[in-house]
Amino acid sequence: MRETATAQPNIALIKYWGKRDTELNLPAVGSISITLSDLFTSMTVEFEDNLEQDELHLNNEQNDKLLPRLSHAIDIAAGGDRPRARISSECNFPIAAGLASSASSFAAVVVAASAAMGIERSVGELANLAGRASGSAARSLYGGFVELENSGDAVVVSELLPADAWPLDVVVAVTETGPKPVGSTEAMEISRRTSPFYERWVGDQADDLASARNAIAARDFAALASVAEHNCLKMHSVMWSSRPPIVYWNDATLACLQTIRQLQSDGVDVFFTIDAGPQVKAVCDTADTDTVETALRATDGVRDILRSGLGEGARLR
Ligand code: DP6
C-alpha cells in the first residue's frame with residue numbers, strides 16, 4: 001500500500017491552452033512538449049485505513065494548499081472510496097511559478113497511487129488519468145519529445161523521439177520565485193470565454209503541430225525554433241486579449257527575450273518559450289548551453305538559472 005514514483009516536468013513547445021470539456025479536463029488543442037531530466041518531483045503515496053483524511057508533506061513540511069488537487073488526482077487513480085493517503089513529495093525546483101511543477105507532481109502521484117493500490121496500468125492509461133488531473137501532466141508520462149493528440153473522449157499521448165535522439169538543453173531564467181497570480185486552469189477558461197482570438201488559436205493549432213512534428217522528425221532546429229516561438233506568442237496574445245487580461249510577464253521576461261534575439265543574431269542555436277508564468281525557457285543546442293546561461297545570467301532582473309537536458313517519463317522508483 002506504499003509506493004514512490006518520480007516524474008520530471010515537461011515544457012510545451014506547442015502549447016495547450018483551453019479545454020473542450022472541463023468535467024473530464026479534455027484539452028481543446030493538441031500539444032507537443034519536451035520532458036526534462038534534471039528537475040524532478042518524487043511522490044510517495046501510502047494508503048492507510050486508520051487515517052481520517054489525506055495528508056501532504058512537501059519537502060518535509062505539511063502543506064494544505066496543494067492537498068485538494070493531489071487528493072483529487074488520487075481519487076482519479078484509485079477511486080473515491082479508497083483509503084485515505086499519506087502523501088509525501090520532494091521537488092527540487094520552485095512550485096507554482098510557471099515551471100510546470102504541477103505536471104510532474106500529478107504524473108508522479110497517479111503512478112504512485114495506482115501502484116500502491118496494486119492496479120496495473122499501461123503508460124497510455126496512466127497518461128489519461130494524469131491528464132484528467134492536469135492536462136500537461138499527461139505528457140510527463142513519456143520522455144523526450146512528446147505529442148498529446150486531442151481526439152475523442154481520451155487523450156492519445158506518444159513519444160515522437162526519445163531524449164537521446166536529439167540532445168537539447170533547456171536553460172530556465174527565473175525572474176520571479178513566488179506563486180503566479182492566477183492559475184492556468186482558471187486563466188484558460190477566462191481566455192475561452194472572452195478572448196476574441198481564442199477560436200482562431202484553436203483552429204490554427206493543427207498547422208503548428210504538423211510543422212513541429214516535421215521539424216522534430218528532421219531534427220531541424222531553425223524550423224522548430226520558428227514554430228515554437230510563434231505558437232508561444234500566439235498563446236500569450238490570447239491571454240493578453242482576455243478580459244480581464246492575463247499578463248504573466250514582467251520586465252525581466254521581456255529583457256530575456258531581447259537577450260535571446262541577440263544570441264540568435266550572433267548565430268547561437270537557441271529559442272524561447274514561456275508558459276503561465278514570468279520565467280523564460282531557452283531551448284538550445286547542447287554546444288551552446290554555457291553561452292546561453294552566461295547571457296541570461298547577465299540579463300537585468302534574472303534571479304536564478306536552472307539547467308536541464310531532456311529526460312525520461314514518469315516511473316516507479
Ligand atoms: C501554459 O496543465 O496546468 O503550461 O489542465 O487546468 O491543470 P490544467 O492546466 P495545465 O496547463 C498548462 C498550460 C501551459 C501550456 C502547456 O503546458 O502546454
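Indexing begins at 1, ligand by ligand and atom by atom, following the structure's order. In what follows, every heavy atom counts, from backbone to side chain, and hydrogens, waters and symmetry copies are set aside.
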Report the part of [X] (side chain from C-beta onward, or backbone N, CA, C, O) that has a heavy atom under 4.0 Å from ligand 1; answer both or neither where that applies.
{"X": "Ser134", "value": "both"}
{"X": "Ile11", "value": "neither"}
{"X": "Arg139", "value": "side chain"}
{"X": "Arg69", "value": "side chain"}
{"X": "Ser136", "value": "both"}

Under 4.0 Å between a Lys/Arg side-chain N and an Asp/Glu carboxylate O for [X] and [Y]?
{"X": "Glu147", "Y": "Arg213", "answer": "yes"}
{"X": "Arg307", "Y": "Asp38", "answer": "no"}
{"X": "Asp54", "Y": "Arg86", "answer": "no"}
{"X": "Lys15", "Y": "Asp208", "answer": "no"}
{"X": "Arg303", "Y": "Glu176", "answer": "no"}

Who's the nearest protein heavy-atom neighbour of [atom], and how far?
{"atom": "atom 6 (O) of ligand 1", "result": "Lys19 NZ, 2.5 Å"}
{"atom": "atom 13 (C) of ligand 1", "result": "Tyr16 O, 3.5 Å"}
{"atom": "atom 3 (O) of ligand 1", "result": "Ser184 OG, 3.1 Å"}

Review point. Would you say the side chain of Pro27 lies within less than 4.5 Å of the side chain of Tyr16, judging by non-hydrogen atoms?
Key: yes
For ligand 1, find out whether one of its N or O atoms is nearer than 3.5 Å to an N or O atom of [X].
{"X": "Ser31", "answer": "no"}
{"X": "Ala12", "answer": "no"}
{"X": "Trp17", "answer": "no"}

Check your understanding: Is the centre of the Phe93 ring less than 6.0 Å from the centre of the Phe40 ring?
Key -> no
Could you list which atoms of ligand 1 come closer than 4.0 Å to a heavy atom of [X]?
{"X": "Thr185", "value": "6 (O), 7 (O), 8 (P)"}
{"X": "Asp275", "value": "1 (C), 4 (O), 14 (C), 15 (C)"}
{"X": "Asn25", "value": "5 (O)"}
{"X": "Ala276", "value": "1 (C)"}
{"X": "Gly135", "value": "2 (O), 5 (O), 7 (O), 8 (P)"}

Practice item. State, to 0.1 Å, how close Glu312 and Gln8 come at their nearest heavy-atom pair, and which atoms those are. Key: O-NE2, 3.1 Å
Point to revise | Asn50-Arg84 side chain donor-acceptor pair, cut-off 3.5 Å | key: no
Practice item. Step through the shown structure and confirm whether more than 12 heavy atoms of other residues, nucleotides or ligands are within 6.0 Å of CZ on Phe197. Key: no
Point to revise | Best match, Lys15, His236, Met188, Met235: closest heavy atom to atom 9 (O) of ligand 1 | key: Met188
Practice item. Look at the rings of Phe145 and Trp166 and say which category their plane angle falls in: under 30° parallel, 30 to 60° tilted, over 60° perpendicular. Key: parallel
